[in-house]
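Written out below as structure tokens is the structure these notes cover.
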Protein chains: 2
Amino acid sequence: MVAVTKNGRSAPTSERRDELLAIAARLIATRGFSATTVRDVADEAGILSGSLYHHFSSKEAILAELLKRFMTTLLDRFEKIAAETDSPREALDLLVDQAFRTIESEPDAVGIYQNESSFLATQQGFEFVSEHSARIEQIWMTAIRDGQASGDFRASVDPAITYRFIRDSVWATGRWFRPGGRHTAESLSAHYLDFLHQGLLAD
Amino acid sequence: MVAVTKNGRSAPTSERRDELLAIAARLIATRGFSATTVRDVADEAGILSGSLYHHFSSKEAILAELLKRFMTTLLDRFEKIAAETDSPREALDLLVDQAFRTIESEPDAVGIYQNESSFLATQQGFEFVSEHSARIEQIWMTAIRDGQASGDFRASVDPAITYRFIRDSVWATGRWFRPGGRHTAESLSAHYLDFLHQGLLAD
DNA sequence: GGCTATCTATCAAGCGTTTGCTCGATTCTG
DNA sequence: CAGAATCGAGCAAACGCTTGATAGATAGCC
């Protein structure tokens with residue numbers, strides 16, 4: 001059942017498994033979870049649909065593993081930023097920057113996260129989605145609130161609403177940003193931070 | 001085939017039809033199109049699944065009609081704003097305001113628009129999606145560009161990227177904003193416009 | 001006003017296909 | 001040889017959709 005490779009690492013992980021996960025992620029991100037069939041994934045991988053069940057216990061398990069991997073590493077990165085920064089403004093800037101880098105490096109996972117997580121949050125076996133979302137929200141809102149307390153950020157904006165505005169506009173970038181085009185994660189991030197800091201109005 | 005009611009209006013429209021469309025919209029908005037079955041819709045309406053086909057030719061036709069109605073009236077409203085405003089800044093403010101009002105009045109259609117339109121844009125029978133999206137984009141970007149030309153908006157932001165930031169953050173509000181809670185469309189709109197105008201940083 | 005013809009909305013039953021998944025047999029590989 | 005990966009065949013359920021029959025309302029007519 002569980003692969004034990006020669007490097008001694010015992011885990012349900014292998015190169016082939018990761019390939020299949022990546023294929024599934026790409027299809028699910030573009031067509032949606034329930035519009036993606038196990039036969040679609042198997043076809044893309046060059047195997048029969050039944051063979052997928054040597055690697056995964058169910059179609060849902062594939063989705064759960066994709067989302068769990070993504071959200072766990074994302075939360076780790078955010079927690080690291082929160083712990084290692086001095087000023088709230090630096091923290092928020094780095095959080096935004098990290099989000100854009102994640103969009104660049106893992107566009108499929110980001111797409112799945114956006115499309116499926118809201119419905120999944122209430123689903124059995126996906127409790128980690130709302131748990132991790134809550135902890136991420138806490139990190140971002142702490143940065144915003146601390147920034148208001150320190151006088152860096154305007155006190156008149158509602159932290160909760162502002163967080164959602166920022167979160168949604170940043171992650172939604174994943175819907176149209178494709179590496180290799182006119183923009184890079186760096187340029188997008190810089191552009192967004194300027195927009196976020198200064199607003200649209202001229203002085 | 002086509003209902004001709006006593007008021008002389010000939011169209012494939014009726015009260016019952018609209019009810020069924022509203023039910024389908026609610027389910028599709030929450031679970032996604034392909035995760036929503038015709039039996040789900042029929043159950044919710046208290047009829048058998050086959051009876052749906054007296055009103056609609058296919059499941060896809062229901063989705064197409066929902067999206068077409070929504071995008072057509074939305075485009076009309078945006079065009080009216082563009083035509084009736086004097087300054088670019090007033091235009092952009094009213095566009096944002098209209099978007100929030102639409103989220104409030106038609107949350108299901110907005111949800112479907114967000115979740116399904118990107119995949120649908122390439123689909124046969126849904127050409128109107130990308131056509132209307134392009135015209136909407138043109139209206140918004142004209143407002144942004146004109147505002148930059150007039151000196152109202154900062155010239156250093158990229159209009160195309162800025163449009164997408166605004167569009168995504170505004171529409172994504174529909175994912176968490178539910179009328180009857182702490183916020184109204186008005187308060188959200190005012191809050192967002194302040195955020196958009198001034199940015200986050202204190203002076 | 002009563003009778004009939006028409007039309008609308010639904011039911012009841014089921015069709016053909018697709019779906020997620022199972023399981024023993026087989027091939028591949030270190 | 002042993003274990004991992006895949007095949008081949010198929011099952012039961014769910015899917016979108018079709019079709020003929022059936023109530024219930026509406027309209028026309030004398």
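Quantities reported herein were computed from a predicted structural model and do not represent experimental measurements. Reckoned from all heavy atoms, side chains included, excluding hydrogens, waters and symmetry mates. A, B, ... follow the sequence lines: proteins, then strands. Residue 1 opens every chain.
One can place NZ of A:K59 at 19 Å from P of D:dA13, the figure rounded to the nearest angstrom. Computed from coordinates, the B:H55 NE2 to C:dC7 P distance equals 17 Å when rounded to whole Å. Atom pair A:L52:CG and C:dT19:P shows a separation of 14 Å (rounding to whole Å applied). In this structure, B:E15 atom CD and C:dA9 atom P are separated by 11 Å, rounded to whole Å. The distance from atom CD of A:E60 to atom C1' of C:dC21 is 13 Å, rounded to the nearest whole Å. With rounding to whole Å, A:F56 atom CZ is found 16 Å from D:dA4 atom P. Here the P atom of nucleotide D:dA21 and the NE2 atom of B:H54 are 18 Å apart, to the nearest Å.
Annotation: cation-pi pair A:R167/A:W140 absent, no NZ/CZ under 6.0 Å from the ring centroid and within 45° of its normal. A cation-pi geometry, defined here as NZ or CZ lying under 6.0 Å from the six-membered ring centre and within 45° of its normal, does not hold between A:K59 and A:Y53.
Listed pair A:Y53 / C:dT22 fails the phosphate criterion, with no side-chain N or O lying under 4.0 Å from OP1 or OP2.
Under the 3.5 Å distance criterion, the side-chain polar atoms of A:T72 are left unmatched by any main-chain donor or acceptor of A:R69. In this structure a side-chain-to-backbone donor-acceptor pair under 3.5 Å is missing from A:E60 to A:S58. A donor-acceptor pair under 3.5 Å is absent between the side-chain atoms of A:D97 and the main chain of A:L94, judged by distance alone. Using modelled atom types, one side-chain atom of A:T102 and one backbone atom of A:Q98 make a donor-acceptor pair closer than 3.5 Å.
Distance from the side chain of B:R16 is smallest to C:dT10 among D:dG10, D:dT6, C:dT10. Looking at the side chain of B:R39, the nearest of the listed nucleotides D:dC17, D:dA5, C:dG20 is D:dC17.
Between A:S57 and A:D40, the residue anchored nearer the 5' end of DNA chain C, judged by the nucleotide with its closest heavy atom, is A:D40.
Taking the charged nitrogens against the carboxylate oxygens, A:E19 and A:R16 do have a contact shorter than 4.0 Å, which makes a salt bridge.
In plain terms, the two heavy atoms of A:L67 and A:Y113 that are nearest each other are CD2-CA, 3.9 Å. What you find for A:R154 and A:Q148 is that their closest heavy atoms are O-NE2, 2.9 Å.
Applying the 6.0 Å contact sphere to CZ of B:R135 captures no more than 12 heavy atoms from other residues, nucleotides or ligands.
Residues from residues 27-37 of chain B placing a heavy atom under 4.0 Å of any atom in DNA chain C do not occur. Using a 4.0 Å cutoff on non-hydrogen atoms, the parts of residues 43-51 of chain A near DNA chain D are A:G46, A:I47, A:L48, A:S51, ordered by number.
Evaluated for a ring-ring contact (aromatic ring centres under 6.0 Å, His included) with B:F165, the options A:W171, A:F165, A:Y192 yield exactly one hit, A:Y192.
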Protein-nucleotides 24-26 of chain C N/O pairs under 3.5 Å:
none

